[in-house]
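The structure appears right after this line, and notes come after that.
Residue numbers start from 1 in every chain, and the chains themselves are labelled A, B, ... in the order their sequence lines are given, proteins ahead of strands.
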Amino acid sequence: MRAFEYVPAKTVAEATSLLAEKGDQAKPLAGGTDLIVMVRENRRQLERMVDIKDLSETNVLSYSPDTGLSLGAAVPCHKIYADDAISAAYPGLIDAAKIIGGTAIQGRASVGGNLCNASPAADMIPPLIVLGAICVIAGPNGSTREVPVEQFCTAPGRTVLEKGELLVSFEIPPPPKHSSSFYLRFIPRNEMDIAVVGAGASVVLDDTKTSFVSARIGLAAVAPTPLLADEAGASLAGKEVSDEAINAAAEAAQAIARPISDMRGEAKQRTHLVGVLTRRALNGAIQRVKEA
Amino acid sequence: MPSKVHVQTTINGEAVEYLCEPRQSLLEVLRDVLHLTGAKEGCNNGNCGACSVILDGCLVNSCLVLGAELEGKSLETIEGLAEPDQLHPIQDAFLENAALQCGICTPGFIMAAKALLDQNPNPTEYEIRYWLAGNLCRCTGYDKIVRAVQDAAQTTSSEVSA
Amino acid sequence: MAEKKDYKVVGTRPIRHDGLDKVTGRALYGADFQTVGLLHGRVLRSPHAHARIKSIDTSRAEAHPGVRAVVTAKDFPAVEDKIADLGEGAANVKDLQDNVLAGEKVLYKGHQVAAVAAIDPHTAEEALELIDVEYDVLDPVIKVRDAMQEGAPLLHEDMRTDEMGEKSDKPSNIASHFQHKQGNLDKGFDEADVVVEQEYTTETVHQGYIEPHNATALYNPDGQLTIWCSTQGAFTVREQVSEILDIPVSKVKVVPMEIGGGFGGKIQVYIKPIAAMLSMKTGKPVKVLMSRADVFEGTGPTPGSYVRVKMGATKDGRITAAEAYLAFEAGAYPGSPVGAAAFCVFSPYKVENAQVDGYDVVVNKPKTAAYRAPGATNAAFAAETVIDEICEKIGMDPLEFRILNSAKEGDIRVDGPPTPRVGFVETVEAARDHPHYLAPLEGENRGRGVASGYWPNFGMKSSVAINVTSDGTISLVEGSTDIGGTRAAVAMQAAEVLGIPAESVTPTVADTDSVGYTDVTGGSRTAFATGYAAYEAAQDVKQQMIERAAKLWEVDAGDVQFADGVFSSVNGKEQELDFKGLAARLDETGGPIVGRGTADPNQPGPSIGLHVVDVEVDPDTGKVQILRYTATQDAGKAIHPSYVEGQIQGGAVQGIGWALNEEYIYNEKGEMTNASFLDYRIPTSLDLPMIDAIIVEVPNPGHPYGVRGVGETPIIAPPAAIANAVYRAIGIRMKELPMSPGRVLKAMGKI
Ligand SMILES: Cc1cc2nc3c(=O)[nH]c(=O)nc-3n(C[C@H](O)[C@H](O)[C@H](O)COP(=O)(O)OP(=O)(O)OC[C@H]3O[C@@H](n4cnc5c(N)ncnc54)[C@H](O)[C@@H]3O)c2cc1C
Ligand code: FES
Ligand code: FES
């Protein structure tokens, strides 16, 4: 591991200027579960790590049924699932928070870090996508901008963040009536594994809970970035809840998957799994609405 | 710029000061600087849990924390668990249940089990297995480890109710 | 010997002696060793699977601030071409040297090429990047059957096949081919009503011990070398380092630290000679640690293999003939465990007409090392699933089939020796009568499978010394490193002899200067052979104590009896002293007592087990979940039943990992792509149910308490048992390991 400098930032402004100063030789440090491994394995060389997990802005965690969830980028998984109100409102997010790494990883791993690491297989991203999360980004000189999660990653390990920019938080809209969400992934073990394929779904049903008002589907590990399967989701709007509709949506999701073969799975296997998991995610979300 | 960071922190209830390079992990600081070698390195990338410690009440892999991050924090390691005249109930349960073979994973498992029982004194078998999934043991097949944690849960929760 | 007896200590479950240190984090493992003036070494490894080394330039690394020394193969002394004994196997010294630091060629990705000592580990790592190695990259060959083809890339241009004892004249990657034969194969198959023949492949798997290899060495100007390390055998480290560096054994002292798992993988040396060479150059103690990736890429796994098995049986279930073809990957140098596979493949059964062919083949992978019953799991995966198919065809319960065909004491094995007494039938009956086997398995996509595993076990040499302490306790000095509670198992055997509690023994694992020669903790031999030596040492103590009592009571030694922990005189005076009482009076009867025991027992007594597993297969994803698992095993006599159960459970789970997910995955360049615990998937706690371990005790006549080694057998049966269960669940016979979700989906025709 090459030598670098460690600087804990005290304000967002300080963080962005510390980052801007060093360009691509500086990186924010949240839980470090991706960054420290990468630097240690020499996959990434840095002159500076800027610790951003003691800022109040990156640590917000507040939910109201009217305004939704404000989620600081540095909030670790375990804090999210410890909150009962958030768990009830966004179960798909919790599904993901509970399966990242093991318990000790969840003690550190942040949602912001998961997104900014921009792994195609990141578990948090599909649920964020299906929940319609918006990223709040701070730039140097006090600027801010907002980007929908599905537009945030641009390639494996790459994002829309520019020099000196910091992801501060997520804004997630309140869940509509008769809605719920679900995320699952396929892994060969039952824990401590990276998704071969991940699928998230959010559904809004009508008052009788028999038809879809709308649905969103998000996929991981089937393309260079996590995907919003918008046609697959849109195909369900107005349809009656049925195996037929769900299968059609799953097929539409399969159609946009462009997986590769690697040591975690073969392309054919992944495409097959997109169908399986999309069905399971949709059924899981529907089940939750019905049980509510 | 100095190459080392000065850190003031609390380890096992005692104030501790040290110097470390930013690139030194908490695991390296514990083992090489402070000579607390109870936390083990099995993988150095968060995959095995042999380096598990409890940081501000939360279970973490010390190989994925920088030593420099410890300023003002409070850390529990395996070395701080036993009283001078008495083992912690989890340590006793590991011995009674023969829940270790080579023992390299044991400090990590005991710290992970402590973090679990601190927040869930009566876990089910599934909860134990789920919580401990980040701690790899290659010797035992986990059977006796799970039983030891079940036993320790009984002891600690009956102590609390008594 | 070995009658069923009421023991006082043997068979009980005391707290292990080293337990407290291990639950408090105080036990010192190899990497925990500290000393003043310590330098840190790191090793540069080959990025290529197969390449000729054109040049190595270490000058930039040597000039890097903080670097104290750099070594390469050039720093080795010249050694002769000869075979050295490694404890559980033997190897050519030149190959050993070449594996430690590559000479002319690198033969696998991860092959050690050079090493640096520096003031701290990070500086040493920085310096590795400054070593310039020029390679001429060659085509790699990774799989055994590819390597056997004519025209395959050759690892060793001068290697000639040893074809049943004769050297062939063409260069080849096939190091040797041997054959065992008995009876008349054609006649046997003619008599069969059913014949099943299948082909199987298995991938390379690693022991996966959690502690990486480590070594600290200090070389003194007087030529004395000391090595502190984690190892399965301090003496084999001493012999190997002595051979590789051409230093007399008496000049090498190896101090075994606590060891974090080995399973056969911590016998061969990798970085220990390097630490020594770096210390020789710097005059300072040097600590070298491997990373997890180094362990996967650079240390011996157990081989991938291609196995073909053909068996015939009559309608009423008698095996008439059996044939096996075993081709094993040795890794970069000859020496796969194909020999052991050949004698295990059919050994549970009486097979009068049989033939077994074995091939030892080099490939561009790390030199294989021992791994728990090396070779037997690969072979049993094939034989035990062929048997399951036969049972299905003739409609016979697979447990009944095993009872019917079990080899009896004296039946001749295909490789020559007669079968010793072993509780095969007893383990099968224990499984048959177990609630698990009796409970019906219900539900879709679920199935139950069974399989057996057989391992001959090893004896080999051990030494023990016992010192009697005046408070009635003993200190026991042994040479077997304790990987899973053997201090307790060995101490308990001495305690039983002397009629004292297990807690009255203080066992110590000593360095090579402080205890007699002792072979590795491996081959399932420690509780058996070192236990035997402890028994002998305790007998020696007992005899000396009897003489002391005689002196005290002024009687003949022959008039002193020892029973139930009490020495008594039978001369009518009713004098009595227990062990403690007599120990307090050694000073007045002649001073200290030291008992000694050595053992090289030749009847280790095989161990056998039968495993029952219930699985559920997800037909959409191909994932196999273990629902319930029961393993029976003949332990001869379980000295400490908890640790015997632990061996059975741990071995079974390693077998489950091998069955379901573990494998080295290679890309087309011959590079392993999953060298981490995230992607080399050993089972986690969440992947498993409790493992019910059932100890069967058919005493081994070759040990005073009837002990059989238990460590290795439990890994053998799981892959076959699980494959048989998967077949019951989804109607498909898996013939490849691991039965990973992708492979199962493919076999089901879903992708
Ligand atoms: C053993 C193990 C298991 C894992 N299992 C999983 C898994 O199951 N599923 C999964 O999805 N991931 C997994 N991961 C990956 C990792 O834990 C997650 O991606 C985690 O959420 C990353 O969060 P972090 O806070 O640790 O990020 P860090 O490592 O701190 O940062 C990750 C990246 O994001 C950047 N970054 C962090 N915060 C910000 C910010 N606010 N603004 C801009 N950039 C930022 C960093 O500079 C870095 O490039 C695993 C990792 C390990 C070591
Ligand atoms: S050493 Fe930290 S998790 Fe393995
Ligand atoms: S006891 Fe050896 S790894 Fe757990």
Side-chain angles (χ1 to χ4, degrees), chain B residues 21 23-24 28 31-32 35-50 77-79 81-82 87-88 90-92 94-108 110 125-126 128-147, chain C residues 13 15-16 18-29 31-32 34 120-122 207-212 258-263 289 291-292 482-485 640 642-643 645-654 656-657 676-678 682-693:
Chain B
E21 281 191 73
R23 65 177 164 180
Q24 281 181 295
E28 287 174 83
R31 294 177 53 82
D32 299 344
H35 294 185
L36 292 171
T37 55
K40 305 298 180 192
E41 179 186 316
C43 68
N44 213 17
N45 57 9
N47 297 336
C48 78
T77 71
I78 186 74
E79 285 88 352
L81 219 53
L87 293 180
H88 188 280
I90 301 173
Q91 292 171 315
D92 271 329
F94 268 64
L95 290 180
E96 295 283 346
N97 286 277
L100 57 146
Q101 285 178 31
C102 78
I104 196 87
C105 67
T106 309
I110 290 177
E125 183 188 336
Y126 179 86
I128 295 171
R129 289 185 179 276
Y130 169 77
W131 184 276
L132 296 179
N135 290 78
L136 297 179
C137 174
R138 190 58 157 170
C139 299
T140 63
Y142 305 102
D143 181 300
K144 292 185 190 299
I145 292 178
V146 174
R147 289 178 201 277
Chain C
R13 301 176 186 242
I15 302 284
R16 63 194 275 178
D18 52 336
L20 189 128
D21 280 350
K22 287 179 176 164
V23 298
T24 53
R26 284 177 205 145
L28 292 177
Y29 292 74
D32 304 336
Q34 304 276 356
D120 64 61
H122 293 288
Q207 300 85 356
Y209 35 77
I210 304 299
E211 177 205 43
E258 295 305 326
I259 167 172
F263 313 108
L289 303 180
S291 70
R292 178 52 50 185
D482 183 351
I483 318 185
H640 192 311
S642 297
Y643 289 97
E645 290 160 4
Q647 289 296 320
I648 296 173
Q649 292 163 337
V653 166
Q654 284 185 318
I656 291 170
S676 77
F677 272 142
L678 200 56
I682 73 173
T684 75
S685 51
L686 199 62
D687 299 320
L688 298 160
M690 293 293 187
I691 307 292
D692 207 350

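Ranking C/Ile210, C/Leu289, C/Ile648 against chain B, the residue ahead of the rest is C/Ile210, based on heavy-atom pairs under 4.5 Å. Between chain C and the options B/Leu81, B/Leu100, B/Leu132, heavy-atom pairs under 4.5 Å are most frequent for B/Leu100. Taking chain C as the reference chain and counting heavy-atom pairs below 4.5 Å, the highest number among B/Glu79, B/Arg147, B/Glu41 is found for B/Arg147. Comparing C/Gly485, C/Ser291, C/Pro683 by heavy-atom pairs within less than 4.5 Å of chain B, the highest count is held by C/Pro683. Interface check for chain B: of the options C/Val23, C/Ile691, C/Asp21, the most heavy-atom pairs under 4.5 Å are formed by C/Val23. The residue among C/Arg26, C/Arg16, C/His122 with the most heavy atom pairs within less than 4.5 Å of chain B is C/His122. Chosen from C/Gly208, C/Gly19, C/Gly651, the residue pairing most often with chain B at heavy-atom distances under 4.5 Å is C/Gly208. Among the candidates B/Ala99, B/Pro107, B/Cys137, B/Cys102, the residue making the largest number of heavy-atom pairs closer than 4.5 Å to chain C is B/Cys102. The greatest number of non-hydrogen atom pairs below 4.5 Å with chain C, out of B/His88, B/His35, B/Glu21, B/Glu96, is found for B/His35. Put simply, of B/Ala133, B/Ala50, B/Cys105, B/Gly38, the one with the most heavy-atom pairs under 4.5 Å next to chain C is B/Ala133. Put simply, of C/Leu686, C/Leu688, C/Val653, the one with the most heavy-atom pairs under 4.5 Å next to chain B is C/Leu686.
With a 4.5 angstrom heavy-atom cutoff, C/Gln34 touches chain B only via side-chain atoms. When heavy atoms are compared at a cutoff of 4.5 Å, C/Ala27 approaches chain B solely by way of its backbone atoms N, CA, C and O. Using a 4.5 Å cut-off between heavy atoms, B/Leu87 touches chain C through its side chain atoms alone. For chain C, the nearby part of B/Glu125 is the side chain; its heavy atoms alone come within less than 4.5 Å. With a 4.5 angstrom heavy-atom cutoff, C/Glu258 does not touch chain B via any of its atoms. Contacts of C/Leu28 with chain B are made by side-chain atoms alone, with heavy-atom separations under 4.5 Å and no backbone atom involved. Using a 4.5 Å cut-off between heavy atoms, B/Ile110 touches chain C through its side chain atoms alone. With a threshold of 4.5 angstrom between heavy atoms, C/Ile682 approaches chain B through its backbone and through its side chain.
At least one donor-acceptor pair closer than 3.5 Å links the side chain of C/Asp482 to the backbone N or O of C/Gly484. A donor-acceptor contact shorter than 3.5 Å links the side chain of B/Arg138 to the backbone of C/Gln207.
Here the side chains of C/Gln649 and B/Thr140 are not in contact, with every heavy-atom distance at 4.5 Å or above. The shortest side-chain heavy-atom distance between B/Cys139 and C/Phe263 falls under the 4.5 Å cut-off. Looking only at side-chain heavy atoms (C-beta outward), B/Leu136 and B/Tyr142 come within less than 4.5 Å of each other.
Every residue meeting the salt bridge (charged side-chain N to carboxylate O under 4.0 Å, His left out) condition with C/Glu645, not counting sequence neighbours, appears here in chain and number order: B/Lys144, C/Arg13.
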Determine, step by step, whether C/Tyr29 and C/Asp32 satisfy the side chain to side chain contact (heavy atoms under 4.5 Å, CB included) criterion, reporting the C-alpha distance in whole Å, the side-chain angles of both residues, the deciding distance to 0.1 Å, and the verdict. CA-CA 5 Å; C/Tyr29 292 74; C/Asp32 304 336; 3.6 Å; yes
Does the pair C/Ser685 and B/Ile145 meet the rule for a side chain to side chain contact (heavy atoms under 4.5 Å, CB included), with working shown? CA-CA 9 Å; C/Ser685 51; B/Ile145 292 178; over 6 Å; no
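Looking at every heavy atom in both residues, B/Gly42 comes nearest to C/Phe677 through O-CE1, 4.1 Å.
Atoms CZ and CD, from B/Arg31 and B/Gln24 in turn, are 13.0 Å apart once rounded to the nearest 0.5 Å.
Relative orientation of the B/Tyr126 and B/Tyr130 rings is parallel, given thresholds of 30° and 60° on the angle between their planes.
When B/Ile104, B/Thr106, B/Ile78 are each tested for a side-chain contact (heavy atoms from CB on, under 4.5 Å) with B/Lys40, only one passes: B/Ile104.
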